[in-house]
Amino acid sequence: MTTRNDCLALDAQDALAPLRQRFALPEGVIYLDGNSLGARPVAALARAQEVIAEEWGNGLIRSWNSAGWRDLSEHLGNRLAGLIGAREGEVVVTDTTSINLFKVLSAALRVQASRSPTRRVIVTETGNFPTDLYIAEGLADMLQQGYTLRLVDSPEELPQAIDQDTAVVMLTHVNYKTGYMHDMQALTTLTHECGALAIWDLAHSAGAVPVDLHQARADYAIGCTYKYLNGGPGSQAFVWVSPDLCDLVAQPLSGWFGHSRQFAMEPGYEPSSGIARYLCGTQPITSLAMVECGLDIFAQTDMASLRRKSLALTDLFIERVEQRCAAHELTLITPREHARRGSHVSFEHPEGYAVIQALIARGVIGDYREPQIMRFGFTPLYTTFTEVWEAVQILGEILDQKTWSQAQFQVRHSVT
């Protein structure tokens with residue numbers, strides 16, 4: 001059985017431990033929700049002040065040139081690229097995950113319409129993040145060309161669901177509820193063998209698990225920067241398109257930032273070459289600038305080191321919960337197998353929502369997802385082994401004492 005002293009020793013030996021000081025974490029809080037919103041880098045406050053007071057305040061409109069605002073999306077994309085196995089000039093940070101999904105799904109369907117016009121099926125999972133399903137449904141309805149979604153209920157059903165009718169396979173690499181991680185390379189290979197294109201949502205992967213889009217021969221990828229990348233609430237998402245596909249079609253949101261000659265102010269649209277064509281409108285610079293503060297911290301380490309610590313943290317959490325809370329109705333729904341686990345762990349409990357609220361009241365912040373899922377994220381940049389031990393101890397006390405049954409913890413908030 002792992003003791004608290006064991007965890008203190010692990011923290012003392014942790015080569016990543018100094019990076020925790022790069023984050024502004026409140027005293028008395030164990031933050032296990034970086035898979036939903038990353039903690040604030042210390043540098044973000046000064047960077048925001050610099051953008052507002054100096055670049056905007058003094059530079060005014062000149063800062064589109066002098067402060068590099070115009071090229072910030074591409075600059076950040078280049079800095080992020082290495083975390084997902086992309087190359088320089090292949091990623092832009094822009095818009096939201098939902099908007100970027102609309103762009104790449106539209107483009108993929110256009111490519112397929114020119115190659116195999118009878119393909120009308122988009123394969124995805126029932127348990128995919130809802131916005132992905134909503135965007136696909138809305139696009140299919142808008143196109144009115146007979147596109148349908150084929151939903152599978154488990155990863156095991158995917159091979160049978162991908163066939164000669166499939167135009168696109170649209171999957172989230174790490175499932176937002178369970179933490180299940182797909183084999184990207186194997187599924188992309190299968191997708192290609194069936195003549196379909198693969199879109200990967202990396203929202204719970206980027207900065208959390210090693211990703212190599214080129215090795216997997218993926219076609220399109222999107223993801224957010226406000227989770228493990230610590231870009232701030234609602235910070236801009238990213239988009240990557242395989243160089244083999246990027247210039248084949250124009251994405252439908254043909255805004256002026258994606259024009260090949262933006263300041264020619266021409267009445268007709270001509271898309272830029274490469275990933276710049278996936279830009280759309282004017283960028284929200286103050287928010288966009290914050291993304292670099294998180295990426296600066298990643299530059300101090302590597303994904304292999306982060307992955308080793310992530311697996312050690314999640315192993316410890318599973319072990320401790322199953323020992324300390326063995327008498328309670330907890331069901332692990334996250335894979336034990338390392339190759340299938342992301343960087344968060346989920347347990348089901350009949351009163352999961354109330355238990356999470358009671359934990360938050362004790363300073364342990366996780367989150368809740370329907371149905372009955374308590375979700376705990378482990379960010380190797382700042383989560384410590386001792387915090388994991390203490391979080392489980394508090395969870396055990398709440399379950400032993402049925403603290404969750406208090407009326408205050410039964411009240412449903414708009415954000416869970």
Side-chain angles (χ1 to χ4, degrees), residues 35-36 73-74 76-87 89-111 122-125 128-139 149 167-176 181-182 184 187-188 191 196-209 211-214 216-229 231 234-246 249-253 255 257-258 274-281 283 288 291 294-295 342:
N35 56 305
S36 192
S73 288
E74 293 97 322
L76 294 173
N78 287 336
R79 296 207 63 190
L80 191 153
L83 299 178
I84 57 175
R87 298 167 186 157
E90 292 182 353
V91 181
V92 286
V93 177
T94 185
D95 298 324
T96 67
T97 307
S98 300
I99 291 172
N100 287 337
L101 178 59
F102 181 88
K103 296 174 190 174
V104 298
L105 181 55
S106 300
L109 293 177
R110 287 189 64 189
V111 170
I122 302 166
V123 173
T124 188
E125 295 180 283
N128 203 348
F129 192 73
T131 199
D132 293 29
L133 302 180
Y134 304 159
I135 290 292
E137 289 173 359
L139 180 59
L149 268 66
V168 171
V169 177
M170 181 185 75
L171 297 171
T172 298
H173 184 220
V174 175
N175 185 274
Y176 82 103
M181 183 168 65
H182 287 293
M184 181 185 291
L187 281 171
T188 300
T191 297
L197 294 173
I199 296 175
W200 289 98
D201 183 336
L202 305 180
H204 286 272
S205 304
V209 300
V211 175
D212 193 329
L213 292 170
H214 277 281
R217 298 184 61 230
D219 298 307
Y220 303 88
I222 54 150
C224 63
T225 63
Y226 52 77
K227 301 183 191 297
Y228 294 99
L229 297 179
S235 60
Q236 284 63 49
F238 62 86
V239 56
W240 171 88
V241 179
S242 167
D244 294 337
L245 297 170
C246 198
V249 298
Q251 58 95 0
L253 300 181
F257 263 63
I275 197 63
R277 67 175 51 199
Y278 280 83
L279 296 172
C280 182
Q283 304 300 309
L288 191 62
V291 174
L295 295 177

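The first residue in the sequence is number 1, and the count goes up from there. Just so it is clear, the model here is predicted, and its values are computed rather than measured.
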For a quick test of your reading: what N or O donor-acceptor pairs under 3.5 Å do the side chains of residues 131-139 make, sequence neighbours left out?
{"residue": "Thr131", "atom": "OG1", "partner": "Ser98", "partner atom": "OG", "Å": "2.6"}

What orientation do His204 and Tyr228 show, parallel under 30°, tilted 30 to 60°, or perpendicular over 60°? perpendicular

Closest heavy-atom contact between Val168 and Ala108? CG2-CB, 3.7 Å

Given 3.5 Å as the limit, does a donor-acceptor pair link the side chain of Gln236 with the main chain of Leu288, or not? yes

With sequence neighbours left out, what residues match Asn128 under side chain to side chain donor-acceptor pair (under 3.5 Å)? Thr124, Thr172

Does one side chain, of Thr94 or Gln283, offer a donor that lies under 3.5 Å from an acceptor on the other? yes

Side chains of Leu187 and Val169, heavy atoms from C-beta outward: is any pair under 4.5 Å? no

Identify the two heavy atoms, one from His214 and one from Ala86, that lie closest to each other, and give their separation to 0.1 Å. CD2-CA, 4.0 Å

side-chain contact (heavy atoms from CB on, under 4.5 Å) assessment of Met181 paired with Val174: CA-CA 4 Å; Met181 183 168 65; Val174 175; 3.8 Å; yes

Please round to the nearest 0.5 Å and tell me the distance separating atom CZ of Phe102 and atom CG of Leu253. 5.5 Å

Residues two or more places apart in sequence or in another chain: which of them pass side chain to side chain contact (heavy atoms under 4.5 Å, CB included) with Arg217? His192

Interatomic distance, Leu171 atom CG to His173 atom NE2 [nearest 0.5 angstrom]: 10.0 Å

So do Lys227 and Ser205 actually touch side chain to side chain, heavy atoms under 4.5 Å? no

Rounded at 0.5 Å granularity, tell me how far CZ in Phe238 sits from CD1 in Ile84. 4.5 Å

Kindly write out the residues that satisfy salt bridge (charged side-chain N to carboxylate O under 4.0 Å, His left out) with Glu74, not counting sequence neighbours, or none if the list is empty. Arg70

Check side chain to side chain contact (heavy atoms under 4.5 Å, CB included) between Ala198 and all other residues, then give those that pass, not counting sequence neighbours. Thr188, Thr191, Trp200, Asp219

Within a strict 4.5 Å, meaning less than it, do heavy atoms of the Thr97 and Asp201 side chains meet? yes

Kindly indicate, with the supporting measurements, whether the criterion side-chain contact (heavy atoms from CB on, under 4.5 Å) is fulfilled by Asp95 and Tyr278. CA-CA 10 Å; Asp95 298 324; Tyr278 280 83; over 6 Å; no

Could you work out, with side chain to side chain donor-acceptor pair (under 3.5 Å) as the rule, every residue matching Thr96, not counting sequence neighbours? none

With side-chain contact (heavy atoms from CB on, under 4.5 Å) as the test, would you mind laying out the steps for Ile199 and Leu105 before giving the verdict? CA-CA 8 Å; Ile199 296 175; Leu105 181 55; 3.9 Å; yes

For Cys246 versus Val241, what's the shortest heavy-atom pair and its separation? CA-CG1, 3.6 Å

Any chance you could lay out the side-chain contact (heavy atoms from CB on, under 4.5 Å) test for Glu90 and Ile275, step after step, and finish with the verdict? CA-CA 6 Å; Glu90 292 182 353; Ile275 197 63; 5.6 Å; no

Nearest atoms (heavy-atom pairs only) where Met170 meets Ile122: CB-CG2, 4.3 Å

Nearest non-hydrogen partners of Pro130 and Tyr176, listed with the distance: CD-OH, 3.6 Å

Does Ser106 offer a backbone N or O that forms a donor-acceptor pair with the side chain of Gln251 under 3.5 Å? no

Between Leu229 and Cys224, what is the shortest heavy-atom contact and its length? CD1-O, 3.9 Å

Report yes if the side chains of Leu80 and Leu76 come closer than 4.5 Å at any heavy-atom pair, otherwise no. no

Could you tell me whether the side chains of Thr225 and Ser235 share a donor-acceptor contact shorter than 3.5 Å? yes

First locate atom CD1 of Ile222, then atom CD1 of Ile99, and finally report the distance between them rounded to the nearest 0.5 Å. 11.0 Å

